[in-house]
Chemist: 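Okay, handing you the structure first.
Nothing here was measured: the structure is a model prediction, and the numbers come from that model. Throughout, residue positions are numbered sequentially from 1 according to the sequence presented.
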Amino acid sequence: MQHNQTSAQKRLTDLFMDDMPVMEVAAKPHPVAIDWFAKYKALRREFMKSLSDSIEDLSFLNLSREEFMALIMGQALPENMSLRLRVPLTLGGKLEIDNMFACKTFPHAINLDRFIIEQANAATLWLPNPARKIYIPAHTTGGGDGGNATSDRLSQMAAQIAADRGME
């Protein structure tokens with residue numbers, strides 16, 4: 001299916017991601033280096049470590065202390081969390097932190113895969129391009145009365161990590 005920007009945004013709204021920005025990419029195949037996977041594994045670790053600057057966004061994932069620490073130390077990705085390339089390597093994307101974002105596997109990564117697959121054989125693809133490193137739909141960030149204990153807990157943990165790394 002060939003989308004334009006408006007129809008792409010409407011389809012994402014149908015998939016409950018109405019706040020997901022998109023970018024236009026020509027569906028022109030690019031060669032991928034033979035050693036891409038080894039480089040990708042190293043980049044995953046770098047990206048996960050870089051999430052220490054996204055504490056507020058991480059607080060909405062409701063991670064345990066162990067999951068949080070493993071994530072920002074680049075050791076393990078929490079269950080139901082996916083790392084994605086904004087522009088796939090096969091379409092000219094680069095193995096760079098700026099070309100990555102994280103989101104929940106269910107339902108977001110699954111719905112994003114559906115959205116992209118639906119565009120098979122199109123001359124131009126509309127790819128998800130969230131503004132931040134972690135995609136959290138706006139409708140889930142509203143919170144409510146009583147504060148956010150997870151956010152408070154992760155803020156304290158982040159302050160401790162910064163102190164431990166001498167980043168105060």
Chemist: Calculate, to the nearest 0.5 Å, the distance between atoms CG and CG belonging to Leu51 and Leu61 respectively.
Modeler: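 These two atoms lie 9.0 Å from each other.
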Chemist: I want to check something: taking the side chain as every heavy atom from C-beta on, are Ile116 and Pro128 in contact at a cut-off of under 4.5 Å?
Modeler: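 Side chain of Ile116 against side chain of Pro128, heavy atoms only: contact under 4.5 Å found.
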Chemist: What side-chain donor-acceptor pairs closer than 3.5 Å can you find for residues 73-80, not counting sequence neighbours?
Modeler:
from  : atom 1 : to     : atom 2 : distance (Å)
Asn80 : OD1    : Thr105 : N      : 3.4
Asn80 : OD1    : Phe106 : N      : 2.8
Asn80 : ND2    : Phe106 : O      : 3.3

Chemist: Could you check whether atom CG of Asn121 has more than 12 heavy atoms from other residues, nucleotides or ligands sitting under 6.0 Å from it?
Modeler: no
Chemist: Can you hop from Leu95 to Val25 via hydrophobic side chains spaced under 4.5 Å?
Modeler: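 No, Leu95 does not connect to Val25 through the hydrophobic network.
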Chemist: Counting C-beta onward and ignoring hydrogens, is there a side-chain heavy-atom pair between Leu85 and Met100 closer than 4.5 Å?
Modeler: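 Touching, per the 4.5 Å side-chain cut-off.
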Chemist: Taking all heavy atoms of Ala27 and all of Ala122, pick out the closest pair and write down the distance.
Modeler: CB-O, 3.2 Å
Chemist: Begin from the C-alpha positions of Gln2 and Thr124 and carry the test side-chain contact (heavy atoms from CB on, under 4.5 Å) through to its verdict.
Modeler: CA-CA 7 Å; Gln2 180 65 61; Thr124 300; 3.6 Å; yes
Chemist: To the nearest 0.5 Å, tell me how far Leu71 CG sits from Phe47 CZ.
Modeler: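 With rounding to 0.5 Å, CG (Leu71) is 8.5 Å from CZ (Phe47).
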Chemist: Using side-chain contact (heavy atoms from CB on, under 4.5 Å), reason through Trp36 and Thr90 one step at a time and then give a plain yes or no.
Modeler: CA-CA 11 Å; Trp36 75 270; Thr90 57; over 6 Å; no
Chemist: State whether the side chain of Gln119 and the backbone N or O of Trp126 hold a donor-acceptor pair below 3.5 Å, judged by distance alone.
Modeler: yes
Chemist: Lys133: which residues meet the side chain to side chain donor-acceptor pair (under 3.5 Å) condition with it, sequence neighbours left out?
Modeler: Ser50, Asp53
Chemist: Which atom pairs, donor and acceptor, lie under 3.5 Å between side-chain atoms of residues 17-24 and protein residues at least two apart or in another chain?
Modeler:
from  : atom 1 : to     : atom 2 : distance (Å)
Asp19 : OD1    : Tyr135 : OH     : 2.7
Asp19 : OD2    : Ala138 : N      : 2.6

Chemist: Answer whether the closest heavy-atom distance between the side chains of Leu58 and Ile72 falls below 4.5 Å.
Modeler: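 With C-beta onward as the side chain, the pair touches.
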Chemist: Can you measure from CG (Asn111) to CD (Glu118) and round to the nearest 0.5 angstrom?
Modeler: 9.0 Å
Chemist: Would you say that His108 contacts Pro137 through its side chain, given a criterion of any heavy-atom pair below 4.5 Å between the two side chains?
Modeler: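 In contact.
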Chemist: Any chance you could measure Met81, atom CE, to Glu67, atom CD, to the nearest 0.5 Å?
Modeler: 10.0 Å
Chemist: Would you mind telling me which of Asn99, Leu127, Leu112 makes a side chain to side chain contact (heavy atoms under 4.5 Å, CB included) with Arg84?
Modeler: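 Going through Asn99, Leu127, Leu112 one by one, the side chain to side chain contact (heavy atoms under 4.5 Å, CB included) with Arg84 is satisfied by Leu112 alone.
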Chemist: Taking Asp14 first and then Arg114, would you say they form a salt bridge - that is, a charged N and a carboxylate O separated by under 4.0 Å?
Modeler: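 So Asp14 does not pair with Arg114 through a salt bridge.
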Chemist: For residues Ser54 and Ile134, report the shortest heavy-atom separation together with the two atoms involved.
Modeler: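 Residues Ser54 and Ile134, closest heavy atoms: CB-CD1, 4.1 Å.
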Chemist: Is there a side-chain contact between His3 and Phe115 in this structure, where contact means two heavy atoms from C-beta onward sitting under 4.5 Å apart?
Modeler: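 Yes; the side chains approach each other to less than 4.5 Å.
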Chemist: Is there a continuous path of hydrophobic side-chain contacts, each under 4.5 Å between heavy atoms, that joins Ile117 to Ile110?
Modeler: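 Ile117 does not cluster with Ile110.
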Chemist: Taking atom SG of Cys103 and atom CZ of Arg132, what is their separation to the nearest 0.5 Å?
Modeler: 15.0 Å
Chemist: Return the minimal non-hydrogen interatomic distance between Leu91 and Val87, and the atom names on each side.
Modeler: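 Answer, listing the atom of Leu91 first, then Val87: O-CG1, 3.8 Å.
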Chemist: According to a hydrophobic-cluster definition based on side-chain heavy atoms being under 4.5 Å apart (Ile, Leu, Val, Met, Phe, Trp, Tyr only), do Leu125 and Met1 belong together?
Modeler: no
Chemist: Please report the interatomic distance CZ(Phe68) to CD1(Ile55), rounded to the nearest 0.5 Å.
Modeler: 3.5 Å
Chemist: For a quick test of reading the model, state the closest non-hydrogen atom pair linking Asp98 to Arg86 and the distance between them.
Modeler: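 Scanning both residues completely, I find the closest heavy atoms to be O-NE, 3.2 Å.
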